[in-house]
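Take a look at the structure below.
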Amino acid sequence: MKNTMNTGVHVKIGVLSDTHISGYDEKLKNTMDQHFSDVDLVFHAGDLIDLEVLQMLEEKKVMAVCGNMDKPQVRQELPEKLILELNGFKIGLIHGWGSPEGIEKKILNKLGRLDCIVFGHTHFPVNTTIDGVFFFNPGSAVDKRFAPFCSIGILEIGCNIKGRIIRIS
């Protein structure tokens, strides 16, 4: 699936992944309200578990993909991957799978060469460029089993792409 958004202006995107919750969560809602109040768009990189997570973002435009832990209903509603064009940049949104070792290469092989790839799965934040591709993983908003802290992220797309990881616990 490909979507195009050529605004010609700066686009600010709130990014989260691996929320792993069933239903409404007040702490996550407060976090999103605080950090995503001025974003133009929200990306969720999978493992929502329940579509109610997206309802907490009702006033925002949300682009989301399913993850390996999502319920069948989520897998039916959300695609496995999205390719978007924002301000002339090609951006992929995917969850990820398998071992975190070498995940960037596996994802790149699945999506093809893009300017930016947003992913989840590892629960570990990533904000780096590898071989000319910007990789961004916000970490997990609620589960720090595989990372030192919980986190979300902000992507800013203007004449370039830059990301920021926000530590929330």
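These figures come from a predicted structure and were not determined experimentally.
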Determine whether His95 and Ser17 satisfy the following criterion, side-chain contact (heavy atoms from CB on, under 4.5 Å), listing intermediate values before the conclusion. CA-CA 8 Å; His95 182 65; Ser17 186; 4.1 Å; yes

Any donor-acceptor N/O pair, Arg75 side chain to Gly67 backbone, under 3.5 Å: yes

For Leu114 against Lys90, the heavy-atom pair lying closest together: CB-O, 3.6 Å

In one Ile/Leu/Val/Met/Phe/Trp/Tyr side-chain cluster, 4.5 Å: Phe89, Leu41: yes

Derivation of the side-chain contact (heavy atoms from CB on, under 4.5 Å) call for Ile91 and Ile157: CA-CA 10 Å; Ile91 299 169; Ile157 303 172; 3.1 Å; yes

Sort out for me which residue in Asp40, Leu155, Ile13 forms a side-chain contact (heavy atoms from CB on, under 4.5 Å) with Leu86. Ile13

From NZ (Lys12) to CG (Asp38), nearest 0.5 Å: 3.5 Å

Leu82 vs Phe43 side-chain heavy atoms within contact, under 4.5 Å: no

Kindly indicate whether the side chain of Lys71, heavy atoms from C-beta on, has any atom under 4.5 Å from the side chain of Ser22. yes

Looking at Pro138 and Gly153, what are the two nearest heavy atoms and their distance? CB-N, 3.7 Å

What distance do Ile154 atom CD1 and Lys162 atom NZ have between them, rounded to the nearest 0.5 Å? 12.0 Å

State whether the side chain of Asn109 and the backbone N or O of Lys106 hold a donor-acceptor pair below 3.5 Å, judged by distance alone. no

For Val65, which of Val118, Asp47, Leu93 qualifies under side-chain contact (heavy atoms from CB on, under 4.5 Å)? Leu93

Taking atom NZ of Lys110 and atom CD1 of Ile117, what is their separation to the nearest 0.5 Å? 12.5 Å

Does Leu54 offer a backbone N or O that forms a donor-acceptor pair with the side chain of Lys60 under 3.5 Å? no

Counting neighbours of CD on Glu59 that are heavy atoms of other residues, nucleotides or ligands and sit closer than 6.0 Å, is the number greater than 12? yes

Should Ile21 and Met56 count as side-chain neighbours, where that means a heavy-atom distance under 4.5 Å? yes

Is there a path of hydrophobic side-chain contacts, each under 4.5 Å between heavy atoms, that joins Val62 and Met32? yes

Which heavy atom of His121 sits nearest a heavy atom of Trp97, and at what distance? NE2-C, 3.4 Å

When every non-hydrogen atom of Ser151 is compared with those of Gly139, the smallest separation belongs to OG-CA, 3.6 Å

Would Leu78 and Met69 show up in the same hydrophobic cluster when neighbours are defined by side-chain heavy atoms closer than 4.5 Å? no

Tell me whether Val74 shares a hydrophobic cluster with Ile49, the cluster being built from Ile, Leu, Val, Met, Phe, Trp, Tyr side chains joined at under 4.5 Å. no

If you draw a 6.0 Å radius around NZ in Lys29, do more than 12 non-hydrogen atoms from other residues or ligands fall strictly inside? yes

Nearest 0.5 angstrom please: Leu84 CG to Met63 CE, how far? 4.5 Å

Between His35 and Ile166 the two heavy atoms that sit nearest each other are CE1-CG2, 3.6 Å

Under 4.5 Å between any side-chain heavy atoms of Tyr24 and Gln55, yes or no? no

Is Gln73 atom CD crowded by more than 12 heavy atoms from other residues, nucleotides or ligands, each under 6.0 Å away? no

Flag side-chain contact, heavy atom, 4.5 Å: Phe36 against Thr31: no

When every non-hydrogen atom of Val142 is compared with those of Asp18, the smallest separation belongs to CG2-O, 3.9 Å

The reported gap from CZ in Phe124 to CD1 in Ile103 (rounded to nearest 0.5 angstrom) is 13.0 Å

Are Leu28 and Leu51 grouped together when hydrophobic residues (ILVMFWY) are joined by side-chain heavy atoms under 4.5 angstrom apart? yes

Qualifying residue, where the test is side-chain contact (heavy atoms from CB on, under 4.5 Å) with Phe135 and the options are Thr129, Asn127, Val126: Val126

Checking Val39, Asn87, Ile161 against Val11 for side-chain contact (heavy atoms from CB on, under 4.5 Å), the one that qualifies is Asn87

Would you say the side-chain atoms of His20 and Ser140 include a donor-acceptor pair closer than 3.5 Å? no

Distance check, rounded to the nearest 0.5 Å: Arg113 atom CZ versus Asp131 atom CG? 6.5 Å

